[in-house]
Amino acid sequence: MATDPLNPLIVQADRSVFLEAFNPRADAARAAIAPFAELVSSPEHLHTYRVSPLSLWNAASTGMTADAMLGALEGHAKFPLPGNVVTDIRELVGRWGRLTLDRFDEALILSAAPGDGPLLSELARHRAVGPLLRERMSDVVYTVDAGARGELKRALMDAGWPVDDRAGYTQGAAFPVTLAPDLTVRDYQREAAQAFYQGGSDTGGSGVVVLAPGAGKTVVGMVAMSLVGQRTLVLTTNRTSVNQWQRELLARTDLTPDDVQEYAPGRPAGRELAPVTLCTYQMLTHRRPGAPAGEEHPHMSLIGAAEWGLIIYDEVHLLPAPVFRLTAGVQARRRLGLTATLVREDGREGDVFALIGPKRYDQPWKTLETQGWIAAATCAEVRLRLPADERPAYAAAPDRQKHRLAAVNPAKRAALRAVLARHPDAPTLVIGSYLDQLDLMAADLEAPLISGKTPQRERERLFQAFREGRLRTLLLSKVGNFALDLPDAEVLVQVSGAFGSRQEEAQRLGRLLRPKADGRAAHFYSLVTRETVEEDHAHHRQLFLAEQGYTYDILDESELSAPGVH
DNA sequence: TACGAGGAAA
DNA sequence: GGGCGTTCCTCGTA
């Protein structure tokens, strides 16, 4: 493969990569660089990717070589790669594996590659790394306390030197899990669980699996449980997920209700934890203010309980900081992170890498779509103006109010009706972030709104009516982001969203991806006010989905009244 | 003992 | 940088 002026990529010296979106070779180039590059902006014609240290290390940990990455860039580039990019990529990728952590009796040893004595000396002087190293055994070996394993990995990651942790795991109590005979595990689910269990260029047993919503991440978790065969702790974001895991585990494995229990703090003293215990992150980190010293976090000891052979972190992209701290203390337990969107807006992806593990497996959402596992979906961004009488107020508003003013643009009410008119019979969800805006729209459409205030019973009733087709349109506040029992829909209109949250956008699209019985496509619309901060936020939100292969049609509000579908 | 309402937290 | 939803606890009512 060689560079060719007709190719779609331009690689710049700062390791950013431009992709001509309309070049006929764009799709192949996108697929080739996706494993080691992340999308940072995607205006219509020219997409920008960045090759970051973390994206390189994630790729390297799956076994991808620097040569393979350079080959992918070169093979789709217009011009020869800048020399420093070649050097940088080789150097950064080469860092993975140069430091290893191994077991040494009761302690650990940090080893550098032969000749890396100076590197080790430099790291020993590093502010965060140095204090965690104990005794220099040789030019390239330090001893480390076993308890410092997590903190050291995190500190080394911050210092720019990810460490390949080969110190292995302590065995949890044996607890075999057999998958139900009628459960068909899809190839990608089995591959994902294997990739977790066996690792890539390292020893495996910890790391993150990224799969689209509806692609069956719980099945990956079950296969992992059957591979490990030890007692398992499953951590989730909320109780609905706890229930879902419990249902699925009972239905699709040989586990009995006694085996699978939600962690209940009030359980009778002396009662054993179930071999498969489910617990929310909030429960784990719950604080009792004013409790006697040492008892402020009554549930934290759960995670350190000796018997777990595997800890599963559901929605691992949402791990709160305290759970990172806890996780640093249990590096000798196998850890599986599951997520649809391994992106965070707080820049803590490095902590996920260091403390849960590298990304072991992912499939672009579009690939699963092609294979028919998730529904095809179109995405459209509808651009609206602010009404003339609102513009002065917007211009005068302080920055921190601008987002809201743009988001609740009154013109969205008419636009929403126009969008709904394009799909007159399709089951439609409308999701927004501002309750008063949603109230107005619910009145316009004469459709019910579910918000956080809606009692559980009422939610169930409305979901049921929607499922049975008695209710065509349902409005949802932010409850719609994560409610797992939300019914399937064909059209989803996002009328407002939180700042630039990529994962919120992705979760919302995910609501549409369950395959439709007749193979019909789903339609996702996002309403955005022109020439306001909302445009910037909207484009940042779209990045993750653009990375997954989705493109957004741009519709002007004037085009909406046109009949038919685009 | 079971529940729902209200408040605090992150 | 702010609004919203969730979860937990506590306390009141049956």
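Labels below follow one simple rule: chain letters A, B, ... track the order of the sequence lines, proteins then strands, and each chain is numbered from 1.
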Which is true for A:His537 with a 4.0 Å heavy-atom rule: it touches a base, it touches only sugar-phosphate, or it touches nothing?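 Since no nucleic acid heavy atom lies under 4.0 Å of A:His537, the category is nothing.
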Taking the six-membered ring for Trp, are A:Phe544 and A:Trp365 ring centroids under 6.0 Å apart?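 That pair passes the under 6.0 Å test.
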Between A:His286 and A:Tyr281, ring centroids under 6.0 Å: no
Over how many whole Å does the gap from [X] atom [atom1] to [N] atom [atom2] extend?
{"X": "A:Leu438", "N": "C:dG5", "atom1": "CG", "atom2": "C1'", "result": "13 Å"}
{"X": "A:Gln494", "N": "C:dC4", "atom1": "CD", "atom2": "C1'", "result": "15 Å"}
{"X": "A:Leu278", "N": "C:dT7", "atom1": "CG", "atom2": "P", "result": "14 Å"}
{"X": "A:Leu284", "N": "C:dT7", "atom1": "CG", "atom2": "P", "result": "15 Å"}
{"X": "A:Tyr434", "N": "C:dC4", "atom1": "OH", "atom2": "P", "result": "7 Å"}
{"X": "A:Leu476", "N": "C:dC4", "atom1": "CG", "atom2": "P", "result": "15 Å"}
{"X": "A:Gln507", "N": "C:dG5", "atom1": "CD", "atom2": "C1'", "result": "14 Å"}
{"X": "A:Tyr281", "N": "C:dC8", "atom1": "OH", "atom2": "C1'", "result": "18 Å"}

Distance test, side-chain N/O of [X] to OP1/OP2 of [N], below 4.0 Å:
{"X": "A:Arg459", "N": "C:dT6", "value": "yes"}
{"X": "A:His286", "N": "C:dT6", "value": "no"}
{"X": "A:Arg400", "N": "C:dG3", "value": "no"}

Is a salt bridge present between A:Glu460 and A:Arg457, judged by a nitrogen-to-oxygen distance below 4.0 Å?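 No salt bridge links A:Glu460 with A:Arg457.
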Does A:Arg50 come within less than 4.0 Å of A:Asp14, counting only side-chain N to carboxylate O? no
From [options], pick the nucleotide closest to the side chain of [X]?
{"X": "A:Thr280", "options": "C:dC4, C:dC8, C:dG5", "result": "C:dC8"}
{"X": "A:Arg404", "options": "C:dC4, C:dC8, C:dT7", "result": "C:dC4"}
{"X": "A:Arg239", "options": "C:dC4, C:dG5, C:dC8", "result": "C:dC8"}
{"X": "A:His299", "options": "C:dC4, C:dC9, C:dT7", "result": "C:dC9"}

Per-nucleotide protein contact string for nucleotides 1-10 of chain B (B base, S sugar-phosphate only, - none; heavy atom under 4.0 Å): ---------S
For A:Glu248, side chain to side chain donor-acceptor pair (under 3.5 Å) partners two or more places apart: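 Expected list: A:Thr218, A:Arg252.
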Answer yes or no: does atom CD of A:Glu446 have more than 12 heavy-atom neighbours from other residues, nucleotides or ligands under 6.0 Å? no
Applying salt bridge (charged side-chain N to carboxylate O under 4.0 Å, His left out) to A:Glu505 and A:Arg502, what does each step give before you reach the verdict? CA-CA 5 Å; A:Glu505 184 99 350; A:Arg502 288 169 287 177; over 6 Å; no
